[in-house]
Amino acid sequence: MTAQQSSGQPVPSTGTSLPPGAQIVVRDEEWLVKNVTRTDHHGDRIEAVGISEFVRDQEAVFFTGLERTRDGAPGIELMDPAKTTLISDDSPNFRRSRLFLEAILRKTPLPQSERGLALADSFLLDSLPYQQRPAQLALSGQLAQVWLPAEGRSVSEVPLFPYTLLKSFLSSHAALSSTVETRIKTLEKKNDPDATGAELAALQRLRELTIGLAAQDSAKFTALVEQLKAIGVGPRSETRVVVFSERVQTLEWLRSVVPAALGFKGKALEEAARVMHGGLSDEQQMSCVEDFGLADTPVRILFTGDVASEGVNLHRQCHQLIHYDVPWSLIRIEQRNGRIDRYGQVHKPQFRALILTSEVDGAKDDRTVAERLLEREDEAHRSLGTAEAVSGLYRAEAEEKSLIQDLLKGRTVDESLQHTADEAGGADDFLADFFAQVDDVSAEPASEASTSGSAPDDSSAPPKAHVPRLFTTTREFVDEAVREVFPDAQQSLGMDRDPENGLISFKPPADLVHRLKALPPDYRREQRLSAGSRAKAKPPPQPRVTFTEQLLQELAEAGGRIVKSGSGPDLEKWPSRVAAARRSGRIPETKELYGGWCPGGYEIKLVDIPAWRLAVLAPVPVPSRLARPHAVVRAMQNEQQPLGLTKPVQGRALRLVQALIIAAEAVGHSSSAGQTGFAPPSHRRRRASPHFTITAQGQTVGFLVLQEQDRTEHVATEKELTAAKKDSWVRIPRFDYTPSERLRFILSGGQPHRASEWSDTPGRPLEDQLAEIAQEVTLRGEAAERRRLDEIEAARQKRIRWEAAMEEARIRYAEAYRVRHFEAQEAAWRHATRLTEYVSAVRAHVEAMLPGQARTEAEAWIRWATATVERLGPLSTPPRLPDVREPRADDLRPFLGHWNPYGPTY
């Protein structure tokens, strides 16, 4: 039997009779009452949410005074549970009722008191301890004895800095070296040997120990390579992995050494790994994420900082994650893991953490903090599925800061977490109570994983939640549901099941095809979901034409240029598709794919790469010392602070300038000095006067030589902490900026080709880029010369067109002159004709006069008038073309159009 509710009595237009939770029928649909309030004019105001199929989950507001049926009766009816009727369930084994109840149970959340997990645990981190190498042992001993001694005071007067050093050391020698150099520069600026002498000496010792360290000296690097190979990352593998680290220096160093250690060569060596951190622009970060998430891109490893620990989806092509160093925050660990453990992940996420241990007695290593945090994070997920409420702070930055402060006070990790949770108070107490306490759950600690990075042992699995079910398995539930809706599913849907993996394949009905349109297009293409395909059925692997190959084929058929028209999201995706095609590695080496918006839509072109980009450049030799400095370099040396650089980089910068100028003058260019004794502020770099210039074929290219700045986390002093605690408006800076040993060349003037800026990078110093810079100067000079010749030719062609226009104007002027002369003759003829008529009329009058003095005088006048008319009339002489006078410049202006009669340049 199944229950079926029937409508009850109509709801009156006045008087509240609907408690929240009641079910009502309005406009032939069922609704659940959320709230009822009285109004002044329209009865009760009912806030409800739809529960019947057509209006499910839709919110609506009804007024009892306004809702009426067609016959004027009240339009809101209360569903009376007392009038529920039972109808017989005639399905086999009450299948219809069991399916309904099972669906309700699966949608019902577990009670808050349930401490077990309803889903398989996938949050355990595989801890991989490795012993340090001898080179690192000395560093570990130095940190233990001088900076973080078990007894006595640290050599540093800033309590937090030794832990900053420790975190850098646990990350990589590159990060430690950067932290040491930054601290040395900070102390040297204070110029107080008495106060900073001991710390500077200790820093110098750390600097000596870090100099010369290479990848083979790092146990963590060796362990990382072993784990990547075990995972399957390599040149002939599609496996991808995310590697997290807190330090930018570590990320850049790993990017430069890991691909080669895994066997990547040639172009793949450059494309196999990408680096993402907070120093990149939003567009660059989006490009990294997009490349890593596309199946046809060559990226296999994403080295990323914690900028990717929140709000970034990295799970589409990846289910492997490695913590190269572990953040000192449970929340940050959880956020990192969440990048691949997301909805839509088709594989079980695998997490690994590299734990650095030391053999030095009393030394602090990853076992001090990181290993215990991993265990606590695992315990939190075993009990709740979240680690946010353990410390009661709910912010990663606050959690890490509190932990370091407690370590300074001698507390352990567990004591620190308990202490911060006890002191959180207020709203945090509510959240802690809501999420429950991790310590209240007894769970076995996570077992230590083997060095192979295998999955956690099921023997230490968390307790499972008791979930009521009417079907023993999900497969049984699905089978019964399909039989209820499609009794002949095998014939009507072509349904089939893979006996090995249990995958169900079928041809989707029309309503399901419509619903599948809500899925992302990329996902539908990847899963081959369409009206004519078998839903969720993955065909056997077979060669497929990639998007890039389809695009290249379309461009070849269209002659190298196509325009994508239309509108909507599909058109807007073409820029990212073209960018992905560029990065796919399938574009011919001598071709370049170009995309851009045009009036008709989005234009895509496949063009030849310029010859200068394919040229093999000879390296520019850099002298080891300045034995015979160039005049420009000598002018720089005479400055008190050459180029505004610090002393450690002045010599190298001048040698680079010397090498560049010599290479430029060897091909016929000239050089001169500019303002050689200053460094412009960062906001004026693009408009500052150059330090020196090189002139190539008349084009002057300016050069600025700048010193890069290192950005490191600021270690708050006691004074800053006291001030911030006293005054809420005091802000402690997040970063310190100190001059580094990296240089940057900024070029100005001329048309850029390769770039306008060159700088030292971890894998490519400026010495290796001087050939490109020298070529850039030559290219700008050649471009300037081409522009000059083009301008000369354009001026010559313009003068030719002007002279032709002037000649045409003279012809038109002469013709106009003749026309005016002709019109003047016609006017003279008409005038003479009128005069002749007048003389004839006078003659007739005179002939009628009597002889005498008056007639005699009149006849004399007639003789004069007749002669005058004959002289004035144009017919007295044969007609001929008039002589055209030489025109002035302004005479020709009406016949020149847009041209100027005084020359083509006016």
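What you see is a predicted model; the values in this text were computed from it and never measured.
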Side-chain donor-acceptor pairs under 3.5 Å in residues 634-641, sequence neighbours left out?
residue : atom : partner : partner atom : Å
Arg634  : NH2  : Pro629  : O            : 3.0
Asn638  : ND2  : Arg634  : O            : 3.2
Glu639  : OE2  : Thr676  : OG1          : 3.0
Gln641  : NE2  : Gly644  : O            : 3.4
Gln641  : NE2  : Leu645  : O            : 3.0

Closest contact, heavy atoms only, [X] versus [Y]:
X      : Y      : result
Thr548 : Ala581 : OG1-CA, 3.5 Å
Leu552 : Arg586 : CD1-O, 3.5 Å
Glu741 : Asp760 : O-OD2, 4.1 Å
Val275 : Leu280 : O-CD1, 3.4 Å
Arg818 : Leu881 : CD-CD2, 3.9 Å
Leu872 : Ala828 : O-CB, 4.5 Å

Name each donor-acceptor pair under 3.5 Å that joins a side chain in residues 800-813 to protein atoms two or more places apart or in another chain, with its distance.
residue : atom : partner : partner atom : Å
Trp802  : NE1  : Asn900  : O            : 2.6
Arg812  : NH1  : Phe895  : O            : 3.3

State whether the number of non-hydrogen atoms from other residues, nucleotides or ligands found under 6.0 Å of Arg820 atom CZ is greater than 12.
yes
So with a 6.0 Å cut-off around OH of Tyr838, is the heavy-atom count from everything else above 12?
no
N/O donor-acceptor pair under 3.5 Å between [X] side chain and [Y] backbone:
X      : Y      : result
Arg255 : Ala273 : yes
Arg583 : Pro298 : no
Thr297 : Gly293 : no
Thr693 : Val701 : no

Does either side chain, that of [X] or that of [Y], offer a donor lying less than 3.5 Å from an acceptor on the other one?
X      : Y      : value
Gln284 : Ser287 : no
Gln775 : His753 : no
Gln707 : Thr646 : yes

Value rounded to 0.5 Å, distance of [atom1] in [X] from [atom2] in [Y]:
X      : Y      : atom1 : atom2 : value
Ile662 : Arg628 : CD1   : CZ    : 9.0 Å
Arg582 : Ile587 : CZ    : CD1   : 9.0 Å
Leu704 : Gln675 : CG    : CD    : 9.5 Å
Thr833 : Arg830 : OG1   : CZ    : 8.0 Å
Trp253 : Phe303 : CH2   : CZ    : 9.5 Å

Taking 4.0 angstrom as the limit, do [X] and [Y] come out as a salt bridge?
X      : Y      : answer
Arg780 : Glu776 : yes
Arg744 : Glu708 : yes
Glu603 : Lys564 : no
Glu793 : Arg796 : yes

Going through the checks in order, is the salt bridge (charged side-chain N to carboxylate O under 4.0 Å, His left out) test met by Arg834 and Glu837?
CA-CA 5 Å; Arg834 290 195 302 271; Glu837 293 176 352; over 6 Å; no
By ring-ring contact (aromatic ring centres under 6.0 Å, His included) - contacts of Trp829 (at least two apart):
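ring-ring contact (aromatic ring centres under 6.0 Å, His included) list for Trp829, sorted by chain: empty.
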Just distance, no hydrogens or angles: give the donor-acceptor pairs under 3.5 Å from side chains in residues 608-627, sequence neighbours left out.
residue : atom : partner : partner atom : Å
Asp608  : OD1  : Lys591  : NZ           : 2.5
Arg613  : NH1  : Glu592  : OE1          : 3.1
Arg613  : NH1  : Glu592  : OE2          : 2.9

Got Ser671 and Glu665 here, is their nearest side-chain heavy-atom distance under 4.5 Å?
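They are in contact (side-chain heavy atoms under 4.5 Å apart), so the answer is yes.
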If you apply the rule ring-ring contact (aromatic ring centres under 6.0 Å, His included), what do you find for Trp597 with Tyr602, and how did you get there?
CA-CA 4 Å; Trp597 295 104; Tyr602 191 77; 4.9 Å; yes
Going through the checks in order, is the side-chain contact (heavy atoms from CB on, under 4.5 Å) test met by Arg300 and Phe264?
CA-CA 11 Å; Arg300 294 295 175 264; Phe264 289 97; 4.2 Å; yes
Listing request: all salt bridge (Lys or Arg N to Asp or Glu O under 4.0 Å) pairs with a residue in residues 891-905, at least two apart in sequence or in separate chains.
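Checked against salt bridge (Lys or Arg N to Asp or Glu O under 4.0 Å) - neighbours excluded - the pairs reaching residues 891-905 are Arg885-Asp891, Arg888-Asp891, Asp890-Arg893.
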CA sep, side-chain torsions, deciding dist, call: Glu782, Arg787, salt bridge (charged side-chain N to carboxylate O under 4.0 Å, His left out)
CA-CA 8 Å; Glu782 292 174 351; Arg787 286 197 305 272; over 6 Å; no
Partners of Lys798 by salt bridge (Lys or Arg N to Asp or Glu O under 4.0 Å), sequence neighbours excluded?
none
